[in-house]
Amino acid sequence: MTESTQLLCCHFDCGGQVRLSKVAPFVRSSLRFPFWSSHTNTNTKKFRVGSVKVQEADMNMVITSDNKIPHVLTVAGSDSGAGAGIQADLKACAARRVYCSTVITAVTAQNTVGVQGVDIVSEDFVAEQLQSVLSDMHVDVVKTGMLPSLNIVKVLCQSLRKFPIKALVVDPVMISTSGDVLAGPSVLNGFREELLPMADIVTPNIKEASVLLGDVPLKSVSDMRTAAKLIHDFGPRNVLIKGGDLPNSVDAIDVFFDGEEFYELCSLRVNTTNTHGTGCTLASCIAAELAKGSSMLSAVKTAKHFIGTALDYSRDLVIGNGAQGPFDHFLAFKNMNQSSSRQNRFNPNDLLLYAVTDSAMNRKWGRSIAEAVKAAVEGGATIVQLREKDTETRDFLEAAKECLKICRSYGVPLLINDRIDVALACDADGVHIGQSDLPASLTRTLLGPGKIIGVSCKTTEQAQQAWIDGADYIGCGGVYPTNTKANNRTIGLDGLKEVSQASKLPVVAIGGIGLSNARAVMEIGVPNLKGVAVVSALFDRECILTETRNLHALLSEAAFLIQ
């Protein structure tokens with residue numbers, strides 16, 4: 001992909017129809033997710049993954065006008081401990097809200113200590129399972145895991161030739177996380193000669209990549225790039241070498257190769273022993289995103305972020321007595337008491353697509369507050385602010401409670417504009433206040449340490465005071481003229497850049513921002529500008545869902561320069 005490449009993006013309109021549109025050229029600037037690095041050669045792109053919150057609403061089951069639900073079939077072994085294999089695949093697809101059917105190739109007796117036994121399913125019965133599912137259920141993507149015999153590999157390839165699918169994701173499971181061998185050498189030829197040439201992506205870890213290449217040692221990112229190229233020569237269209245076990249690496253670095261360009265996908269390494277099933281889950285997440293229509297690179301980035309978030313969320317989970325525990329796939333669905341832990345979990349990059357509701361717009365389009373919020377989070381809003389200036393307090397409180405349930409089901413923070421009383425009454429995740437409201441220091445006293453506080457700022461002095469008072473972020477603007485606030489002085493891109501550079505807090509830009517100018521805002525080149533806040537661009541539109549998806553896609557491709 002060159003810098004002048006134009007990307008084709010899938011958008012879903014209100015009727016569930018898919019349409020394609022071109023996005024502006026991918027420029028040499030970037031977000032932490034993704035980011036371009038000037039430290040790599042011209043054929044390598046670096047991405048920081050895991051710091052930008054991938055909107056959990058992206059996990060929505062996408063239902064088209066003919067009620068077709070994205071469908072992944074996993075062909076893998078059963079893990080009695082439920083951390084990996086078929087069980088991890090089912091949980092991962094459920095977490096991504098994609099239907100998952102199964103073909104079981106082996107039944108294992110395993111737990112957090114290791115694998116105590118493997119009972120391989122006959123190739124005839126594997127074939128019968130494949131025939132049952134593929135002949136009836138309109139599978140979009142097949143994901144493979146443990147394929148314990150050469151004959152099972154052959155049976156699978158025969159079935160895939162008979163029943164065409166959109167994509168094949170191959171996770172070449174040969175060695176478990178605990179080090180147990182799950183597939184013998186005889187399977188390798190089947191992978192190299194039959195399965196990999198059919199694969200749209202293959203996702204080996206370092207050990208598996210080494211085995212595929214005849215036990216070639218992989219000790220560096222450079223070795224991983226070389227391995228990706230050599231494995232690509234076997235025939236898969238894309239290769240992802242997972243570097244979680246790379247020695248002496250501070251970050252968790254994966255190398256993605258599409259046959260032309262290398263991409264280094266970087267995320268912070270999570271200090272946890274609860275890593276059992278990460279490979280199965282990653283491949284299943286990629287399959288789920290492909291089934292929903294994502295591009296390959298986008299699917300890989302989303303899956304990698306999901307893994308990082310789940311590992312971080314589950315770092316202290318205790319299940320079993322072994323060295324390798326499982327992790328929790330369903331963090332997005334936990335209705336957690338965020339009051340006690342929000343301070344440690346506030347992610348500045350939640351500000352990427354900041355949706356601000358408006359009561360007048362809701363009335364204009366005949367929507368309730370909850371309906372508007374649900375559409376926004378389903379479309380990709382990463383944080384929501386309820387700004388309802390002329391709603392009765394009782395009605396506002398009831399609506400806020402309903403919106404809070406929606407947002408928490410998707411893992412999206414919900415803030416209340418100005419109304420600290422409403423925020424306290426509904427246990428919202430925080431508030432956003434203006435310069436004429438209570439100071440952030442007093443607001444912090446009232447809300448406690450675990451809530452999010454944002455402050456509207458136009459000047460460097462106001463930004464400095466917000467930091468002193470204990471705010472979590474500032475909203476800077478209006479950047480452009482807007483109809484949602486009367487007599488609102490605009491500061492333009494230059495003013496936004498000046499305040500952002502001076503701020504010690506994360507910044508979200510606000511004021512007259514929409515699809516036409518959001519990219520320009522994101523490209524001012526200040527690392528702590530984390531996103532844009534929008535009102536009319538989402539809520540004064542016929543289809544909030546479509547507008548949010550389109551803006552989320554644009555913002556996800558836009559870039560913050562990393563310093």
Side-chain angles (χ1 to χ4, degrees), residues 7-14 16 18-24 26 30-35 47-62 70 96-97 285 288-289 292-295 297-306 309 332 347-357 372-385 406-407 409-414 508-510 513-523 529-560:
L7 306 176
L8 284 177
C9 287
C10 245
H11 302 291
F12 294 84
D13 65 25
C14 291
V18 180
R19 57 188 174 85
L20 295 175
S21 63
K22 287 187 176 180
V23 179
F26 204 156
S30 122
L31 254 155
R32 291 190 70 199
F33 168 46
F35 75 83
F47 294 85
R48 171 68 62 180
V49 179
S51 52
V52 166
K53 180 173 181 64
V54 175
Q55 167 56 30
E56 297 297 342
D58 287 347
M59 302 187 306
N60 281 354
M61 278 191 179
V62 180
R96 303 308 299 171
R97 295 205 173 178
C285 285
E289 297 307 308
K292 289 190 285 188
S294 293
S295 67
L297 182 57
S298 176
V300 169
K301 292 187 292 183
T302 298
K304 182 172 173 63
H305 174 78
F306 178 84
T309 304
N347 185 349
N349 291 296
D350 283 350
L351 303 173
L352 179 68
L353 177 46
Y354 188 127
V356 183
T357 67
V373 167
K374 188 174 188 295
V377 296
E378 286 182 349
T382 53
I383 192 167
V384 173
Q385 179 194 135
I406 294 168
C407 287
S409 71
Y410 287 93
V412 175
L414 179 76
V508 59
I510 189 168
I513 301 172
L515 274 172
S516 64
N517 54 24
R519 185 178 294 275
V521 172
M522 298 289 278
E523 291 173 358
L529 176 63
K530 300 300 183 182
V532 300
V534 291
V535 188
S536 301
L538 300 186
F539 297 106
D540 196 18
R541 298 292 187 272
E542 181 178 359
C543 185
I544 295 173
L545 181 66
T546 297
E547 297 299 331
T548 312
R549 278 178 172 155
N550 292 346
L551 187 53
H552 184 270
L554 183 149
L555 293 172
S556 294
E557 297 295 345
F560 288 134

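Across every non-hydrogen atom of A375 and L545, the tightest pair is O-CD1, 3.6 Å. Annotation for L353 and G380: closest pair CD2-O, 3.8 Å, computed over non-hydrogen atoms. When all heavy atoms of A355 and L538 are compared, the pair lying nearest together is CB-CD1, 3.8 Å. Closest of all the heavy-atom pairs between A518 and L555 is CB-CD2, 4.1 Å. Residue I544 comes nearest to F539 through the heavy atom pair CD1-CD2, 3.6 Å, listed as atom of the first residue, atom of the second, then distance.
Within the 4.5 Å cutoff, side-chain heavy atoms of E289 are placed close to those of K292. Side-chain contact between V373 and C407 is present, with heavy atoms from C-beta onward closer than 4.5 Å. At a threshold of 4.5 Å between non-hydrogen side-chain atoms, the residues L551 and E547 do not count as touching. Put simply, the side chain of I510 does not reach to within 4.5 Å of the side chain of V508, judged on heavy atoms.
The main-chain N or O of D350 is found under 3.5 Å from a side-chain atom of T382 such that the two form a donor-acceptor pair. The backbone N or O of H552 lies less than 3.5 Å from a partner atom in the side chain of S556, making a donor-acceptor pair.
If you take CZ on R541 and CG on N550, they are separated by 11.0 Å, rounding to the nearest 0.5 Å. Between the NZ atom in K301 and the SG atom in C285 there is a gap of 15.5 Å [rounded to 0.5 Å]. Rounding to the nearest 0.5 Å places OG of S298 at 7.0 Å from CD of E557.
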Show, in sequence, the C-alpha distance, side-chain angles and deciding distance for K530 and Y354, and conclude whether the side chain to side chain contact (heavy atoms under 4.5 Å, CB included) test is met. CA-CA 10 Å; K530 300 300 183 182; Y354 188 127; over 6 Å; no
Walk me through whether V532 and V534 qualify under side chain to side chain contact (heavy atoms under 4.5 Å, CB included). CA-CA 6 Å; V532 300; V534 291; 4.2 Å; yes
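Residue M522 is tested with L554, L352, I513 for a side chain to side chain contact (heavy atoms under 4.5 Å, CB included); the sole match is L352.
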